[in-house]
Amino acid sequence: MSYLEISRVDMVFGEGASANQVLKGVDLSVKRGEYISLIGHSGCGKSTVLNIVAGLLKATRGGTILEGREVNAPGPDRAVVFQNHSLLPWLTVYQNVEIAVAKIFRDSKTAAERRDWILHNLDMVNMSHALDRLPSQISGGMKQRVGIARALAMEPKVLMLDEPFGALDALTRAHLQDEVIRIQAELGNTVLMITHDVDEAVLLSDRVVMMTNGPAATIGQILEVDLPRPRNRIELAENKTYNHCRQEILSFLYEKQRKVEPIARASAKPAAKPAAPARPQSQPEVALRA
Amino acid sequence: MSNAETIGTLPLKAATGSPRALALAQGARNLLRGIVTHVLPPLLIIGLILIVWQALGSRPGAALPPPSKVVQETWELIVHPFYDRGGNDVGIAWQLLASLKRVAYGYSLAVLVGVSLGVLVGQSTWALRGLDPIFQVLRTVPPLAWLPISLAGFRDGHPSAIFVIFITSIWPIIINTSIGIRNIPEDYRNVAKVIRLNGIEYFSKIMLPAAAPFIFSGLRIGVGLSWLAIIAAEMLIGGVGIGFFIWDAWNSSRISDIILALVYVGLVGFTLDRIVAFIGRKVTRGTAVN
């Protein structure tokens, strides 16, 4: 029995003539403690999958089952780290974590326990030195750390990362990836991460889920990353399995699913209406399961 | 770093003076530069205007008194702002305070109702469609046009003046608040959804702080408008207040009194604007810069 089950998810934005089918038949089961990466070209609907699991979007058909129960509304059991950190700029680093902790553990923890818990999570991402800083006073990498601390502090069943390091420079990104590896080893979270960075996907994941191009994107291939943990990026650079995995993903992205930019992009509005007639399929599905 | 260390590592600096004295000299220089760049230009222009005015007003047959004559004639009012000879014969400070009191009532009411309506219009598309056209038409009605109808309604000058202030200053508050609410980034809403803030928590912890910069620009425009409106309204309703004072002075041909009152009106209006701006800066610390 899988821990998290994404089941036959279709997603159509708009309706009638302007209907735009973004996802078709997305099926994925995730084991407890597994680290899954979703990779694909931009615009293929990776974020839509994540938003559906998070409950921020409602799937047109199909749905998500977490620990045997269907989820269709957002909640702290599926904490999201958003791409642009989304810290509240008027709150300090400490308060940004506190707003979540105060709400979620209002009845289950005392004030002192909550305080310790906030400090513990900020310590885990090495942000204890900047508790009273405002987001505008810290760097992009630090903001993302606080975002991660806030998500971890919710004690989520599934931690979801939406291109968490996409806006960071390469050095900061590598540093944060190492931190995520360390935290993951410590906590054993179930993680669903969206990325378009091949190295990041291989380095961090147990399985890499590759999405086909839209419209009507779906899972094209799933790759097991059979590398022992803890992983070290320097040692892995010459590892055969590591390079084979990279090779597989690259060939999927740049040969099988080469991105051809359409001339006129269909406008995708986040206003989904259920039961809209789907547009006829123009693209054959490659439902390979590696 | 202690002073001894500084001197030890920087012997050159020690020769020219202690770091503290240097910093003090630097501070004094900055202050002087600030005065030269920010205080000197307006003083120069004011001096120039006074000279031109003096020259024009001193010509034979001039309709308006020169500044020297204004000061001479109003000296009693300037040095005794708080005299009270009963009835309408009170010092100019009392007149200003009476006007400020009306503004305080009308403006506070406008803030309360304006922010509430702004939140409603910002939150609900239906309310926007229904109310926005009405707001757009009513906000163009000049302040004084409201006076006869409010006199008819309230049958008394005092509440009418307050109503005119209210109805004049409420529009920018409503409109800016609703724009602020509409511009709350989707990310903040998502954060609120993930941690499951309820309506009241969302309102106080996300919505108000996120919209605060917009709300305060509305409040600032509003306080300026309410000061504009009170002067005009008081000229018509009479009794007490700086507007009445100006009208009374005109009726008894005390032109110098009018000029003095105008200076006070300008200064008070400026101060009101700065007070609201200052509160806004304090409240929205960090929000505007992200």
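Values below: every heavy atom of this structure, side chains too, minus hydrogens, waters and symmetry copies. Letters A, B, ... mirror the listed sequences (proteins, then strands); counts begin at 1. Since this is a predicted model, take the numbers as computed values, not measurements.
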Closest non-hydrogen atom pair, B:Y188 against A:L87: CE2-O, 3.8 Å
At a heavy-atom separation under 4.5 Å, does A:A100 approach chain B through its side chain, its backbone, both, or neither? both
Portion of A:I99 that has a non-hydrogen atom of chain B nearer than 4.5 angstrom: both
Any side-chain heavy-atom pair from A:W90 and B:V283 closer than 4.5 angstrom? no
Any donor-acceptor pair under 3.5 Å linking the side chain of B:R196 with the backbone of A:P74? yes
Those residues of residues 103-115 of chain B that come under 4.5 Å of chain A on a heavy-atom basis, listed by number, are none
Summary of salt bridge (Lys or Arg N to Asp or Glu O under 4.0 Å) pairs that have at least one residue in residues 201-226 of chain B, sequence neighbours excluded: A:K103-B:E201, A:R106-B:E201, B:R220-B:D273
Which one of B:N190, B:L197, B:N198, B:I206 has the most heavy-atom pairs closer than 4.5 Å to chain A? B:N190
More than 12 foreign heavy atoms under 6.0 Å from CZ of B:R182: is that the case here? yes
Counting neighbours of CD1 on B:I200 that are heavy atoms of other residues, nucleotides or ligands and sit closer than 6.0 Å, is the number greater than 12? no
Taking only residues two or more places apart in sequence or in another chain, which ones pass side chain to side chain donor-acceptor pair (under 3.5 Å) with A:N51? none
Check against side chain to side chain contact (heavy atoms under 4.5 Å, CB included), A:R150 and B:I195: CA-CA 10 Å; A:R150 181 173 62 188; B:I195 60 179; 5.8 Å; no
Residues in side-chain contact (heavy atoms from CB on, under 4.5 Å) contact with A:L152, at least two apart in sequence or another chain: A:N121, A:M124, A:I148, A:L159, A:I183, A:L187, A:N189
As an exercise: rank A:A79, A:G75, A:S86 by heavy-atom pairs under 4.5 Å with chain B and give me the winner. A:G75
